[in-house]
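Within every chain, numbering begins at 1; the chains are lettered A, B, ... in the order of the sequence lines, protein sequences first and strands thereafter. Keep in mind that the numbers below use all heavy atoms, side chains included, and drop hydrogens, waters and symmetry copies.
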Protein chains: 2
Amino acid sequence: MKLLMIDDDTGLCELLSEYLTAQGYQVECVHDGEQGLKQALSQEYALILLDVMLPKLDGFEVLKQLRQTKLTPVIMLTAKGEDFDRIFGLELGADDYIPKPFNHRELLARVKAITRRIEHITSLGNSTANKLSVNNIVINLAAREAYVDEHPLSLTGTEYEVLALLVKSAGEVVSKEQISEQVLGRRLASFDRSIDMHVSNIRKKIAEFNITERIKTMRGTGYVFIQGE
Amino acid sequence: MKLLMIDDDTGLCELLSEYLTAQGYQVECVHDGEQGLKQALSQEYALILLDVMLPKLDGFEVLKQLRQTKLTPVIMLTAKGEDFDRIFGLELGADDYIPKPFNHRELLARVKAITRRIEHITSLGNSTANKLSVNNIVINLAAREAYVDEHPLSLTGTEYEVLALLVKSAGEVVSKEQISEQVLGRRLASFDRSIDMHVSNIRKKIAEFNITERIKTMRGTGYVFIQGE
DNA sequence: GTGAACCTTTACACAACCTTTACATTGCTT
DNA sequence: AAGCAATGTAAAGGTTGTGTAAAGGTTCAC
């Protein structure tokens, strides 16, 4: 999960970045308002940590402009503890507010409170659940992309189809006849080696990330995508 | 929108209930932990305001038990201002925390921050939002204009439609058939190269601002607008 | 009716892709 | 262990889809 930190205190940024990275988040830092706004608009972050006192563009201004196009969750950080700031930020569309100096654990708890909720809701809304994930291999059906953990595999269309079919049927043998008919749209002819070639190419591409073999050959029967270790 | 308030201070309940009702919420109050938990489990509330100090079952216990089955958003209220309580509540799955005594306006702002987010996510896609922004490309749906950061793109009508469709489906493959039908209003004929030309022209115009390619070709399938880095 | 803006078609080059071929290897059967 | 069929895979065609310049149509405003 990717977070953006906008704070001019580079020391704090580094410290928090390290801490949150250890907690499994991916953190990017920028140190002024302009840069921050640009970055926030250009990508999809799970959450933005936004300092109020910033050079070039203050935190409120960044938030205001961000909210014109995006609804990325924002937690505001500030040294001032006054009600006014707090309410102002929340009314502008911030999701939470943490007064500095703060406890790392509290920050983490608040970050989690928000990301947890988002994760939950988006996983509900996507009833068209379009991701398959088995044994480190992830298939994004909508984007027609496949990943080994986070690393994208550059598969051709047919390779993608073959892999997706195997992963969909993980743990079961899929015959070459099935693959040929479902992926290539034709009956498997006696000396047709296409499927073998496609599987070979897929294996080669997966092997670049040196993980153990996932596609097992069932001699005379077909192929199986291996489930579990 | 329906809220549940669990607090043994009946005076405060009444006061807040009145205030929030005036703000367009529907508020139900109960005054002890057992009742509160029962109520929280029996219905779908948009948000629960939960006091920590409660007779019969304290706030943390109510939250803990609630979280075993439900993910209703919770804001905790408490007289104690210590870090420990705050963190403990958040880690148990609270969404926010307000120390008593609090400002009405702040409570409202926090309630809104959470309900707004939920409302937004559950009504993804359509809604009144008239700007789209993905990966440095901004689409102003109302004005039918497209930008690279702040720089306007002078697209033709069809080019705008194609780009808007791709950005709306950012991260998903959009087939030429879909583009043809939705933008040109006709079935895609076998040797129709119009879509290719429109995409080519859009790319050329975006490339003037020398940013990396945003429209990826999925050979044999369609095009994808790239999300994130 | 002329021009401008736009969409579509045509044509060609090229790159990506799928299949075939050929030979090496594996694993089952006897 | 020999024989054989199934499989692995590098390399070489052959095919198809795509990128794009340029030409040809169409629409619309004036």
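Nearest nucleotide to the B:His198 side chain, out of D:dG19, D:dG8, C:dC7: C:dC7. Nearest to the side chain of A:Ser194, among D:dT18, C:dT19, C:dT9, sits C:dT19. Closest to the A:Asp196 side chain, of the nucleotides D:dG8, C:dT8, C:dA11, is D:dG8. For B:Arg219, the listed nucleotide lying nearest its side chain is C:dA15; candidates were C:dC28, C:dC12, C:dA15.
Rounded to a whole Å, the CZ atom of A:Phe191 is 15 Å from the C1' atom of C:dC23. Between B:Arg144 atom CZ and C:dC6 atom P the separation is 12 Å, expressed in whole Å. Taking atom CE on B:Met218 and atom C1' on C:dA16, their separation rounds to 13 Å, with Å as the unit. Between B:Glu161 atom CD and C:dT8 atom C1' the separation is 17 Å, expressed in whole Å. Summarising the geometry, the separation between CZ on B:Arg203 and P on D:dT20 is reported as 7 Å, rounded to the nearest angstrom. Across the protein-nucleic acid pair, B:Leu155 atom CG and C:dA5 atom P stand 16 Å apart, rounded to whole Å. One atom, NZ of B:Lys205, and another, P of D:dG19, lie 17 Å apart when rounded to the nearest Å. A:Glu159 has its CD atom 13 Å from the P atom of C:dA16, to the nearest Å.
Applying the ring-ring contact (aromatic ring centres under 6.0 Å, His included) rule to pairs touching residues 192-213 of chain B yields B:His151-B:Phe209, sequence neighbours excluded.
Nearer the 5' end of DNA chain D, as judged by each residue's closest nucleotide, is the contact made by A:Lys176, out of A:Lys176 and A:Asn201. Two residues, A:Gly220 and A:Met197, neighbour DNA chain D, and the one matched to the more 5' nucleotide by heavy-atom proximity is A:Gly220. Remark on DNA chain C: of its neighbouring residues A:Thr156 and B:Thr156, the 5'-side contact belongs to B:Thr156, judged by nearest-heavy-atom nucleotide.
Counted within 6.0 Å of NZ on A:Lys64, heavy atoms from surrounding residues, nucleotides or ligands total 12 or fewer; the atom is thus considered open.
For the atom pair A:Asp96 CG and A:Leu50 CG, the distance stands at 12.5 Å (nearest 0.5 Å).
With A:Tyr223 as the fixed residue, the side chain to side chain contact (heavy atoms under 4.5 Å, CB included) test singles out one of A:Val174, A:Ile195, A:Val173: A:Ile195.
For the pair B:Thr217 and D:dG19, the criterion of a side-chain N or O lying under 4.0 Å from OP1 or OP2 is met. Contact between the side-chain N/O atoms of B:Lys204 and the OP1/OP2 oxygens of D:dG19 is not found at any separation under 4.0 Å. Between D:dG19 and B:Tyr223, a contact under 4.0 Å exists linking OP1 or OP2 to a side-chain N or O.
Base engagement by A:Arg193 is indicated by at least one non-hydrogen atom pair under 4.0 Å involving a base atom. In this structure, B:Asp192 reaches the sugar-phosphate backbone alone: every heavy-atom distance under 4.0 Å involves primed, P, OP1 or OP2 atoms, never a base.
Side chain to side chain, A:Tyr160 and A:Glu145 fail the donor-acceptor criterion of an N or O pair below 3.5 Å.
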